[in-house]
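Structure first, then comments.
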Amino acid sequence: MASSSSSSSSSSSSSSSSFKPRRSYHVFLSFRGPDVRNNFLGHLYTALDQAGIYTYIDSEELRKGEQISRSLMKAIENSQIAIVIFSEGYASSPWCLEEVAKIMECYEQGDIMVFPVFYKVEPKEVRTPRKSYGEAIAKHESKFGKYSEEVQRWKKALFDVGSLSGWHLNDGDEAELVKRIVKDISMRLDRTPLHVAKHPVGIHPQVIKLQSMITTKSDDDVLFIGLWGKGGIGKTTLAKALYNAIFRQFDSSCFLANIRETSKDSKDLVPLQGKLLFEILGQELAVSSVDRGINLIQERLCHKRVLLVLDDVNEVRQLDALAGECEWFGEGSRIIITSRDRHMLVSLGIDKYHIYEVKTLDHLEALELFNKHALPRNNKIVIRRDLMDAALHYANGLPLALEILGRFLRGRGEHEWKSALSKLAKSPNEKINGVLKLSYDGLEHHEKEIFLDIACFFKGRTINYIMKVLDGCDFDTTIGVQVLVEKSLIFKDRGMLCMHDLIQMMGMDIVKQECLGDPGKRSRLWLYDDVHYVLSENMGTSAVKAIVLDLPKPKEIHIGLDAFTNMRRLRVLIMINVHTSFQCPICLPNELRWLEWHECPYPEWCFVPKNLVGLDLCRSNIYVVREQFKDFKNLKFLNFSECQSLICMPDLNYTPNLEELNLHGCKNLERAHESVAYHGKLQLLNLSGCSKLHHLCDVLQANNLQSINLRDCSKLQKFPDIPDENKSMLNLHLDRTPIKELFASIENLVSLKDMTLSSCKNLAILPSSIYKLQNLERLILDGCSKLINFPKKDESSDPHVKIGFPRLYELNLRKCSLLEVDFLEKHSCFSYLTNLNLSGNNFTNLSLSEQLHNLDNLDVSYCQQLEEVLEIPGHVDILKAVSCESLRKISTNKCPARSMDLSSCYELVRHGFTVNDLIKPEVLISNWVLLPGEDMPKWLLPNKDGCISFLASKDLYEKIGGLAWAIVHQVKKGNKNAKLKIQAYVNGERMNKESDRAMPLDLNHVAFGVIELKDLWKEVSFGPNGYWNHFQCSITASAGVIVKKCGFRLICKSLENELEVLLQDDQLHDPTLFYEVLDENQTSTELDSPRELVHKGLDENQMSTEEDSLGKFVHKGVNMTDFSIEKYRYSQISPAYRNVLLGGEMPKQFVLVEDGTISFMASQDLYDKFLGLALCVVFNVEDRGKEISFELVPNVNGERRNVLSGILGSFDSDHMWIQYLKSNVLWGLLEGGVDFDQFEESYLQFSLRIKVSGGTVKKLGYVLRCRQLEDDLKVVLEDNQFVDSTALCEDFDGSTGLREFLRKCHLPIEKLGNSGSESESEDD
């Protein structure tokens, strides 16, 4: 398919333009004439005029009728500032209200600054209309209708402007107020914004985050903020945008650009100091030296509230000269520094909360920026999608690369694009490379060596591995890596070292430039052709320091006899998937420190690099000869894992410095060498999977050994005796060994933290001496089926010896055969225990001491004999008792666990246990319960959308304690991935991580929960005026969950009078949403009032008729369309599932339908086969550049289901929209499965109606993706023809089927990724 520039995204990321045309007016005055025209207004207008501020003030005669004139609209649009003068009669005029609504429309678009003047009225009278404003609004409601569009816009505008900072006058000095207003307005007009960028894509959301970051509790604080990131990432662009957004809030401001370039020498700092002083003070001062400049800055700026931006700082001396201390600047000042060096920012005293890492653009932002540079709007050239994707992949989200590459390719044809991209794959663009290389040039020699090694060889490898290799080469790797991170050349991610692709290419290019024509004269080799040439032709020289050839598939390579002879400085040789054969011995240089050659063909050693530190020959056919290691005095790391020819362990006496020995999977190894028992420096011993190993040693005295792994040594029946105290051992893993018991001497492993003996089927006895393991943190014994009793504390032991597990936080006894758990009664032995797993055992009752005061997680699931849980510590967070068939009683005297999974405990329910026994709304803590049943608590409001949405001020938010929710559901038989997902948003931004809940696998259950607001929406900023925020929470189910009912309620504290008035007047919310609970000082009679229905609950009849009361709720007076459930649903769908293409030729695999509706019939068996639906809409554009929006309305048997809506963008010509939607997202309640039992028919009608606004649907087609259909189901389909068989696309390969389907439908699979919420596993 082709891509073209004729479409332009409507993304908000580019909504703020870098340049706005000159305005006609400085100030627009909005006022009610009779109140202020002949006094305050006249004085203000005259003062503004005398100050040279060009002000628009309309004539009273212009105000005819109630419709605001077009000329007045234009005047507002062409003004920089609007001053709204709220007087007593302001709201009585529809003209004034239209005016303020238009002003706020421009304000929300960032086109105008707005300042209110409260002239003899209180701000709250304006915000929530009361007194004269309330009376005026009431009259308008009577005339136009209470919920008319006009009245709602006016009320919203009054609320929004009334919440802004401005000036307030009651009985004060009018003349003084006029002076203040003129002074403030003059200050804001005197300074002009900076040009940000031609296309500031992705900037605005970051500016919003930074504005929040620079806000402090005290306005008087002087704050330094760092913008940190790699070269070309957009730090300067972002700094300019932030400067423009806030500079008017300061007395003075200055932006010093490109400091690295303009201050290469100390004397260059003097002009910078002079420029800083001139821009802030407005006068030139004589700066004769850096020291003189420092004193001037300190003396002249210490009382001024300034905004100072120091761009591209790379040395501390620059900061010392320009902004050395907070005390140099006045209260409330902000100093913003952009740099590639994080450490420099830290050294200045900037804490981590005020260092903002500027990151690469996401895929959609990168695509938008690249399109703007590469494809002009009038472009007629069509470029293939794969070429576009290749360009985006090359730039990898780096704005500099997207801009330079886009401009270079602009106006070129496909063949030129292909050639240019091919060239870039071989050598980087010089302009991009030059910017990135500045960071490299500032490194010291060893830092450069480390950087080049990582760039050429080790990008994406674990930090631990890289440290071993480079430390073995005598680099100080720890500090070297840290410097590279601080200078934005590399970054750490999940234990790995990573770098941007272009920075890696820059490093590789540095090595290639060492000798363009001869790879044998370069320091590093990593490409197959280069390595093959050098080794086969004996072309290596002393320049070669490292060879790392890591091939994706095995490949043969010929190595000459003297291949390494001249490589005297070779320190690293790593060969992965490299196969060769040696006819004669080959000698490696003595300087070699690290040799890693998997599947090495050597039958025996024939070379001796004496300085070797690391030797990794895993999966090789090597066998050990005693003399092999006699010269390996420096060897620290030895890996012979999965060497099946190895039958005996090396003699470790020849390797006195060995720290790690890995013989994992050596299945023919039978005995360990006796030297392992007393080696002085060995720290890690891995013999896991040595299935023939029957003897380790009789006595273990290796006192530096930290970790032993003997997992799956299936013939090892005895662990060695530990005769002496060992303070080094931390980890001991004996899982799946036939060990029958542990020696009592295990007590000598006094530092042991982690001991695992999972599935040791013969283990029947544990010595009581394990209670002496004072540092043990994890003890895992799950699956030890012969373990009937856990040892008890030996009361006869020496009273002076400490006994117990003071640090044990996890004890796992799952699937043992415990008949009793009275050892837990010795609670003093388990004082730190956090996780206790007793599932699958045979005890009949459980009583745990309250003094297990750290216990958080208790699991007694599948204990079939368990009848009673008599006592649980009140602080337990998670209790699991799944499928406890005999359980009939759980004590609820104390506070229950916050999370209780009692699924399939039917006997418990039969004995009268209900959700109400566990959860009471008066106890405001986050909790969750899963229990068999079909009834929700009656005080919850039913809700089919699974989404709650409301607005709240700071005062109201602080009254809300939590959100209560419940779902009655059933899980499809055999589904093992059933989940509930809870997500929370504030103003459209996700606040919590996705919270998943596992579901039971049988009949109807009710899941009920209460979530405290601090756990749901975290810390919420309301701004200085307590501005209102929009809150949203949604619950969705996975495809295997059939949802029967869903309900919500907000639990709140006793509301104050003002809040109650707002709720009862129905101006802000549906009042039934709030469930008010008593304060301690209230009496019960206080609730016997008309508020009872509003706050205390609903009766059953009302509940049954208001199924959609929350889902359809729209906040009155506030436009909430941006936060609608329909838009929210669509926003959760992966961008890989959508594509908009130029042209109108529908792909042939789509089946055409008429009248804009897709419809078919399906039985339960057929529907269960459906995986998703792809639709194709060909539409034309009504007006060029007009925004195209859509709505998708699904129905099941005429019952409306999960409506989705969104915006496709703005277009100049016909386009085609292709969208993939999972079946459950459309037709399942809460996006779960469809409940066929709800209907009385075998076949249900599924439909999807497509509406497009701003254009016309010319063609509509669809295709259904389904699992492979059985023959008998195909016969049924042929007979009844309820589904068009040509619309079915069977998925024969579950692992790659989704990607192949998306590819066939011309959808961008590169956006799908390899994991995440839209993974293919969710098809199940």
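The analysis underlying the following values was restricted to heavy atoms, covering all of them including side chains, and did not include hydrogens, waters or symmetry mates. All values reported here derive from a predicted model rather than from experimental measurement.
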Residues Asp616 and His598: side-chain donor-acceptor under 3.5 angstrom | yes

Do other residues, nucleotides or ligands put more than 12 heavy atoms under 6.0 Å from Lys521 NZ?
-> no

Output yes when Glu741 and Lys718 qualify as a salt bridge under the 4.0 Å nitrogen-oxygen rule, no when they do not.
-> no

Which pair of heavy atoms, one from Asp712 and one from Thr737, lies closest together, and at what distance?
-> N-CG2, 4.3 Å

Donor + acceptor pair across side chains of Asp735, Thr756 (<3.5 Å) | yes

State whether Lys512 and Asp530 are salt-bridged, where the test is any N-O pair (Lys NZ or Arg NE/NH1/NH2 against Asp/Glu carboxylate O) under 4.0 Å.
-> no

Report yes if the distance between the aromatic ring centroids of Tyr440 and Phe451 is under 6.0 Å, otherwise no.
-> yes

Classify the side-chain pair Asn653/Ser675 by whether it contains a donor and acceptor separated by less than 3.5 Å.
-> no

Do NZ/NE/NH1/NH2 and the carboxylate oxygens of Lys459 and Asp501 come within less than 4.0 Å?
-> yes

State whether Asp754 and Arg778 are salt-bridged, where the test is any N-O pair (Lys NZ or Arg NE/NH1/NH2 against Asp/Glu carboxylate O) under 4.0 Å.
-> yes

Before accepting this row, confirm whether a basic side-chain N of the pair Arg524/Glu449 lies closer than 4.0 Å to the acidic partner's carboxylate O.
-> yes

Short side-chain donor-acceptor distance under 3.5 Å, Gln1268 and Asp1291 | no

Please determine, by modelled atom types, if Asn566 and Thr541 share a side-chain donor-acceptor pair under 3.5 angstrom.
-> no

Asp453 bridged to Lys545 by N-O distance under 4.0 Å = no

Residues, nucleotides or ligands: over 12 heavy atoms within 6.0 Å of Glu556 CD | yes

Have Glu596 and Tyr465 got a donor and an acceptor in their side chains that come within less than 3.5 Å?
-> yes

Side chains of Ser641 and Asn639, donor plus acceptor under 3.5 Å | yes

